[in-house]
Amino acid sequence: MDPSKASTALAPSKSSTDSKPKDRDFLNHLEAYLAKRDGVDKLLKLSRYATKIILASSVLPETLPLTGRLKSFESSVGLSRKAFRLGKFVQDVNAFRNSHLDSLSREDLILSVIAYGGEGLYYFVEQFIWLAKSGLIDPKHSRSLQKISAWAEFIGYIGSISLKFRDLKMILEDEACLASTIEIAISRGDGYKEEDQRMKKLKAKKLMKKLSIVQDLADGLMALADIRDGKGMLFGPLWVASAGLLSAVISTHKNWLSC
């Protein structure tokens, strides 16, 4: 799960161009990106699900030595990503504390509890799954821990997606209001340069919100596949791997713009 999903659902977002220069040196940008835990995690996510697609598509014969190496690589990357999530549940605790609870409606408060609580529990349980797979605690607990983790993640996405649809609705309302203001300015022959800039930022914000919803839906599909143990037409290895890669591309793009 993308760590910023639930935590940004209610937070006011800004266009990345507000504080980041457009002509930023690529290597400096890359250094800043790789210095962030989320940046490295998303690159690992990209490589893992790209590998999963190769394996699930049966492009390579099972007897080929490369197939075995790719399986080993995918498993190692998956374990490495869990290590990167140590302590991430604290982020959800703080995000919930800082979400201006007094000003939230009852519906938003309930959805926030579901989103932050689900994601926080997911990251908390993932720590023990990592310990089990690393051999520090008895591996017999892995199965039950993975089920708890998958359910927490899925429930968290229900809250996160619901909040983001509410955010998107408000963005669309602001966009319609601003478009009306621009039309009035044009009819009167007044300037609307400032409104036009605000419209561009609003459109960029709307696009990012839509991408974030698509990412949550893709990750939610993977969580549901874990709950159902891959049983079902939409939960085959290739479908799940494709959803994972889609989520990885979107989250990598979002993290790149934000750093």
Side-chain angles (χ1 to χ4, degrees), residues 1-19 38 42 88-124 149-183 195 197-225 227 234 243-244 246-258:
M1 178 187 285
D2 183 352
S4 63
K5 282 177 186 161
S7 58
T8 58
L10 293 177
S13 59
K14 296 181 181 179
S15 171
S16 60
T17 57
D18 290 349
S19 58
D38 287 345
K42 299 317 170 190
K88 270 197 174 184
F89 69 93
V90 178
Q91 176 178 315
D92 292 280
V93 174
N94 286 333
F96 182 69
R97 291 171 58 213
N98 298 328
S99 60
H100 308 290
L101 301 178
D102 294 338
S103 62
L104 295 181
S105 66
R106 183 181 178 183
E107 292 78 8
D108 281 340
L109 180 59
I110 293 173
L111 290 174
S112 296
V113 171
I114 294 173
Y116 296 130
E119 185 180 71
L121 179 59
Y122 161 72
Y123 282 129
F124 184 76
S149 173
W151 271 109
E153 184 182 19
F154 183 68
I155 291 171
Y157 280 124
I158 292 175
S160 179
I161 292 170
S162 299
L163 284 172
K164 287 176 183 178
F165 268 116
R166 292 166 77 92
D167 288 344
L168 182 60
K169 181 181 178 181
M170 288 189 289
I171 292 172
L172 293 173
E173 290 173 353
D174 291 342
E175 186 180 31
C177 183
L178 189 56
S180 178
T181 301
I182 292 175
E183 287 179 6
E195 287 79 4
Q197 289 298 318
R198 285 172 56 197
M199 178 63 80
K200 289 179 180 178
K201 292 178 181 179
L202 206 55
K203 287 183 180 295
K205 183 179 178 181
K206 180 178 70 173
L207 175 61
M208 294 307 296
K209 187 66 65 176
K210 287 181 177 180
L211 287 175
S212 187
I213 291 172
V214 171
Q215 181 188 349
D216 277 6
L217 289 171
D219 283 330
L221 176 66
M222 290 190 291
L224 192 56
I227 292 171
L234 293 178
L246 174 62
S247 171
V249 170
I250 294 174
S251 58
T252 299
H253 175 65
K254 285 164 54 183
N255 277 275
W256 180 262
L257 293 179
S258 67

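The figures that follow rest on heavy atoms only: side chains count, while hydrogens, waters and symmetry mates do not. This structure is a prediction, so every number in the text was calculated from the model and none was measured.
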Handout entry: Euclidean distance, Tyr157 OH relative to Asp216 CG, rounded to 0.5 Å
Key = 6.0 Å
Problem - By side-chain contact (heavy atoms from CB on, under 4.5 Å) - contacts of Phe96 (at least two apart) - result: Ser99, Leu101, Leu109, Ser112, Val113, Tyr116
Exercise for the section: Provide the closest heavy-atom pair for Glu195 versus Leu178 in the form atom of the first, atom of the second, distance. Expected result: O-CD2, 3.6 Å
Problem - Test item: Glu173 and Lys169 side chains (from C-beta on) under 4.5 Å apart, heavy atoms - result: yes
Problem - With Arg106 via side-chain contact (heavy atoms from CB on, under 4.5 Å) - residues at least two apart - result: Ile110
Exercise for the section: Report the distance from atom CG of Leu163 to atom CD1 of Ile213, rounding to the nearest 0.5 Å. Expected result: 10.5 Å
Handout entry: With Asn94 via side-chain hydrogen bond (donor to acceptor under 3.5 Å, both in side chains) - residues at least two apart
Key = Arg97
Practice task
May I ask you to test the Thr181-Met199 pair for a side-chain heavy-atom distance under 4.5 Å?
Solution key: no
Practice task
Could you list the residues that satisfy salt bridge (charged side-chain N to carboxylate O under 4.0 Å, His left out) with Arg198, not counting sequence neighbours?
Solution key: none
Exercise for the section: Measure the spacing between CG of Leu211 and CG of Leu246 and express it to the nearest 0.5 Å. Expected result: 9.0 Å
Completion exercise
By side-chain contact (heavy atoms from CB on, under 4.5 Å), Ser105 pairs with (sequence neighbours left out) Glu107, Asp108, Arg166
Problem - Flag, side chain of Ser180 to backbone of Ala176, donor-acceptor distance under 3.5 Å - result: no
Practice task
Kindly determine whether Lys254 and Asp38 satisfy side chain to side chain contact (heavy atoms under 4.5 Å, CB included), including the steps that lead there.
Solution key: CA-CA 11 Å; Lys254 285 164 54 183; Asp38 287 345; over 6 Å; no
Exercise for the section: Return yes if some donor-acceptor pair links the side-chain N/O of Ser247 with the main-chain N/O of Ala243 below 3.5 Å, else return no. Expected result: no
Practice task
Would you give the length of the straight line joining atom CD1 of Ile250 to atom CG of Leu217, rounded to the nearest 0.5 angstrom?
Solution key: 9.5 Å
Practice task
Identify the two heavy atoms, one from Ala248 and one from Thr252, that lie closest to each other, and give their separation to 0.1 Å.
Solution key: O-OG1, 2.7 Å
Practice task
Measure the shortest side-chain to side-chain distance between Met208 and His253 over non-hydrogen atoms and say whether it is less than 4.5 angstrom.
Solution key: yes
Handout entry: Any residue meeting salt bridge (charged side-chain N to carboxylate O under 4.0 Å, His left out) with Lys203, in chain and number order, not counting sequence neighbours
Key = Glu175
Practice task
Could you please spell out the steps behind the salt bridge (charged side-chain N to carboxylate O under 4.0 Å, His left out) verdict for Asp174 and Lys206?
Solution key: CA-CA 10 Å; Asp174 291 342; Lys206 180 178 70 173; over 6 Å; no
Exercise for the section: Measure the spacing between CG of Leu207 and OG of Ser212 and express it to the nearest 0.5 Å. Expected result: 11.0 Å
Fill in the blank from the handout: One should read off an interatomic distance between Lys200 NZ and Leu202 CG, to the nearest 0.5 angstrom, of 13.5 Å
Problem - Within 6.0 Å of CH2 in Trp151, more than 12 heavy atoms from elsewhere - result: no
Problem - Side-chain (Ser160) to main-chain (Gly156) donor-acceptor, under 3.5 angstrom - result: no
Handout entry: Shortest non-hydrogen contact between Ser149 and Tyr122, atoms and distance
Key = OG-CD1, 3.1 Å
